[in-house]
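Quick notes on the structure that follows.
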Amino acid sequence: MSELKRDKIKYIRDRAKSAYVKDEECYICGAKEDLDFHHFFSVTALLDKWIKERKLSINTAEDMMEMRDEFIEAHYDEIYNQTVTLCHRHHLKLHSIYGKKPTLVTGPKQKGWVEKRRIKEYGLLE
Ligand SMILES: [Zn+2]
Ligand SMILES: [Zn+2]
């Protein structure tokens, strides 16, 4: 049980990951190496919320398999679109501000931070 609890996110990742499209460069600074994929809305937090709200009892791998497609469909935007590719340095910086496991309410703030950093990096020439 506790094993499954810790690994539930793995079932979602295994299913969703194939469609994650990492960009070729960091959105903030344009670095092309050491790139990470960041979700503005933590998939783990979304999953916990979904399970709690629906009072689902997830006890087996089968329980997870059964619910994951519905979960992914319901959170398509957060999982696939509300994301950004960052270099490791900027990814760490973001998490140093918003925490290791950012809460869902900070999603829009994280986006604002990323946009601001990008403008700073590229200047306001355009
Ligand atoms: Zn960067
Ligand atoms: Zn991240």
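Worth knowing before you read on, the calculation uses all heavy atoms, side chains too, and leaves out hydrogens, waters and symmetry mates. In listed order, ligands and their atoms are each counted from 1. The first residue of the sequence shown is numbered 1, and numbering continues consecutively from there.
- The ring pair (Phe, Tyr, Trp, His ring centres under 6.0 Å) test applied to Phe40 returns His38, not counting sequence neighbours.
- The shortest side-chain heavy-atom distance between Phe37 and Asp23 does not fall under the 4.5 Å cut-off.
- With the Zn ion (ligand 1) at the apex, Cys29 SG and Cys26 SG define an angle of roughly 110° (rounded to 10 degrees).
- Around the Zn ion (ligand 2), the protein contributes the following N, O or S atoms at distances under 2.8 Å: His38 ND1, His91 NE2, His95 NE2.
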Can you check salt bridge (charged side-chain N to carboxylate O under 4.0 Å, His left out) on Asp14 and Lys10, steps first, answer last? CA-CA 6 Å; Asp14 287 350; Lys10 192 172 102 50; 3.3 Å; yes
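- For residues 24-34, the side-chain hydrogen bond (donor to acceptor under 3.5 Å, both in side chains) pairs, not counting sequence neighbours, are Glu25-Lys32, Tyr27-Glu115.
- Every residue was checked against the ring pair (Phe, Tyr, Trp, His ring centres under 6.0 Å) condition with His88, not counting sequence neighbours, and none meets it.
- No side-chain heavy atom of Asp63 sits less than 4.5 Å from a side-chain heavy atom of Leu56.
- Side-chain contact between Gln82 and Lys111: present, with at least one pair of heavy atoms (C-beta onward) separated by less than 4.5 Å.
- As for His90, its N/O/S atom nearest the Zn ion (ligand 1) is the one called ND1.
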